[in-house]
Amino acid sequence: MAYSPDSEAQPDELDARRSARLHELGHIDDEACRRFTSAIEFAGRKWNAAILLAGVRGARRFSEYRDTVAGISDRVLAARLRELEADGLLERHVRATTPVTIRYTPSSRALQLMELLQPLVEWQADEERTAGQAG
């Protein structure tokens with residue numbers, strides 16, 4: 001488990017810190033809360049993160065995304081690629097070849113989202129390690 005300043009704190013001191021932090025978080029206005037909820041629901045929507053991660057790892061063509069995102073159907077992948085493009089997270093590039101070549105690349109917004117999700121991934125990994133140690 002990673003070191004944290006709280007790991008050496010006494011229980012009463014820890015409760016006071018948590019209480020103060022919860023008090024700070026309680027002052028998030030309703031509009032900010034709605035934006036946060038919307039962002040979390042988007043990021044957590046089935047397949048979105050896996051598709052964006054595939055793009056970050058180098059997938060560009062439809063077949064590459066399909067091969068990288070295990071279990072996704074062609075229909076769902078096509079729909080999600082369109083949605084992610086409409087949301088500005090994927091950029092669609094069309095080349096007039098025979099047949100037409102379409103490539104999808106993550107936008108700077110997608111890269112930013114993936115960077116923002118990384119601490120959440122690390123938090124989950126810590127939770128799994130902690131649960132593994134307790135069991």
Side-chain angles (χ1 to χ4, degrees):
M1 186 159 108
Y3 172 79
S4 102
D6 289 342
S7 62
E8 296 178 11
Q10 297 299 316
D12 291 340
E13 184 182 342
L14 233 130
D15 288 342
R17 286 185 199 172
R18 287 182 183 143
S19 180
R21 184 67 181 136
L22 288 173
H23 181 72
E24 288 174 27
L25 293 172
H27 291 289
I28 297 173
D29 66 44
D30 289 344
E31 184 57 33
C33 187
R34 279 190 285 282
R35 287 192 305 269
F36 171 79
T37 300
S38 177
I40 289 296
E41 288 172 354
F42 174 83
R45 185 169 185 203
K46 189 167 185 176
W47 306 115
N48 281 358
I51 292 168
L52 292 175
L53 183 59
V56 168
R57 290 181 172 169
R60 296 295 177 258
R61 308 228 13 222
F62 186 92
S63 60
E64 294 169 342
Y65 280 96
R66 184 184 55 226
D67 293 344
T68 304
V69 181
I72 194 168
S73 71
D74 287 357
R75 182 182 61 79
V76 172
L77 177 57
R80 287 295 190 277
L81 289 172
R82 280 192 301 273
E83 292 167 9
L84 291 168
E85 178 191 2
D87 289 334
L89 294 166
L90 288 178
E91 296 169 355
R92 186 174 185 256
H93 308 276
V94 180
R95 285 185 42 212
T97 57
T98 305
V100 172
T101 303
I102 300 173
R103 297 170 58 87
Y104 296 91
T105 58
S107 68
S108 59
R109 289 186 64 222
L111 297 175
Q112 181 184 24
L113 176 60
M114 295 306 286
E115 288 172 1
L116 292 170
L117 289 176
Q118 186 58 37
L120 186 59
V121 171
E122 292 169 6
W123 175 82
Q124 180 59 32
D126 286 345
E127 288 296 305
E128 289 171 4
R129 277 192 294 277
T130 301
Q133 292 172 356

Could you walk me through whether I51 and Y104 pass the side chain to side chain contact (heavy atoms under 4.5 Å, CB included) test, one step at a time?
CA-CA 10 Å; I51 292 168; Y104 296 91; over 6 Å; no
Pair L52, L117 - check side chain to side chain contact (heavy atoms under 4.5 Å, CB included), show working.
CA-CA 11 Å; L52 292 175; L117 289 176; over 6 Å; no
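Contact between L77 and R66 at its shortest, heavy atoms only, is CD2-N, 3.6 Å. When all heavy atoms are compared, the tightest approach of Y65 to L90 is OH-CD2, 3.9 Å. Across all non-hydrogen atoms, the minimal contact from V69 to W47 is CG1-CE3, 3.4 Å. Nearest heavy atoms, F62 versus D74: CZ-O, 3.5 Å. What you find for A43 and A49 is that their closest heavy atoms are O-CB, 4.1 Å. Residues H93 and T105 share a closest heavy-atom pair of NE2-OG1, 3.0 Å.
Listed for the R60 side chain is a donor-acceptor partner under 3.5 Å among the backbone atoms of G55. Remark: the backbone N or O of G88 is paired with a side-chain donor or acceptor of S107 at under 3.5 angstrom. Remark: the backbone N or O of D87 is paired with a side-chain donor or acceptor of R109 at under 3.5 angstrom. Judged by distance alone, with hydrogens and angles left aside, the side-chain atoms of S38 form no donor-acceptor pair with the main-chain N or O of R34 at under 3.5 Å. Judged purely by atom type and a 3.5 angstrom limit, T130 uses its side chain to pair as donor or acceptor with the backbone of D126.
If you chain together hydrophobic residues whose side chains sit under 4.5 Å apart, L111 and L84 fall into the same group. Residue L116 is not grouped with residue V56 when hydrophobic side chains (ILVMFWY) are merged at heavy-atom distances under 4.5 angstrom, including chains of intermediate members.
Residues passing the side-chain contact (heavy atoms from CB on, under 4.5 Å) test with F36 are I40, sequence neighbours excluded. In this view, E91 satisfies the side chain to side chain donor-acceptor pair (under 3.5 Å) rule with no residue, not counting sequence neighbours. Considering only residues two or more places apart in sequence or on other chains, S73 meets the side-chain contact (heavy atoms from CB on, under 4.5 Å) condition with R75, V76. Under the side-chain contact (heavy atoms from CB on, under 4.5 Å) criterion, L53 pairs with R57, M114, sequence neighbours left out. Contacts of R82 classified as side-chain contact (heavy atoms from CB on, under 4.5 Å), with partners at least two apart in sequence or in another chain: A78, A79.
Residues Q124 and P119 have side chains not in contact (no heavy-atom distance under 4.5 Å, counting atoms from C-beta outward).
Counting only residues at least two apart or on different chains, the salt bridge (charged side-chain N to carboxylate O under 4.0 Å, His left out) pairs with a member in residues 36-53 are R45-E83.
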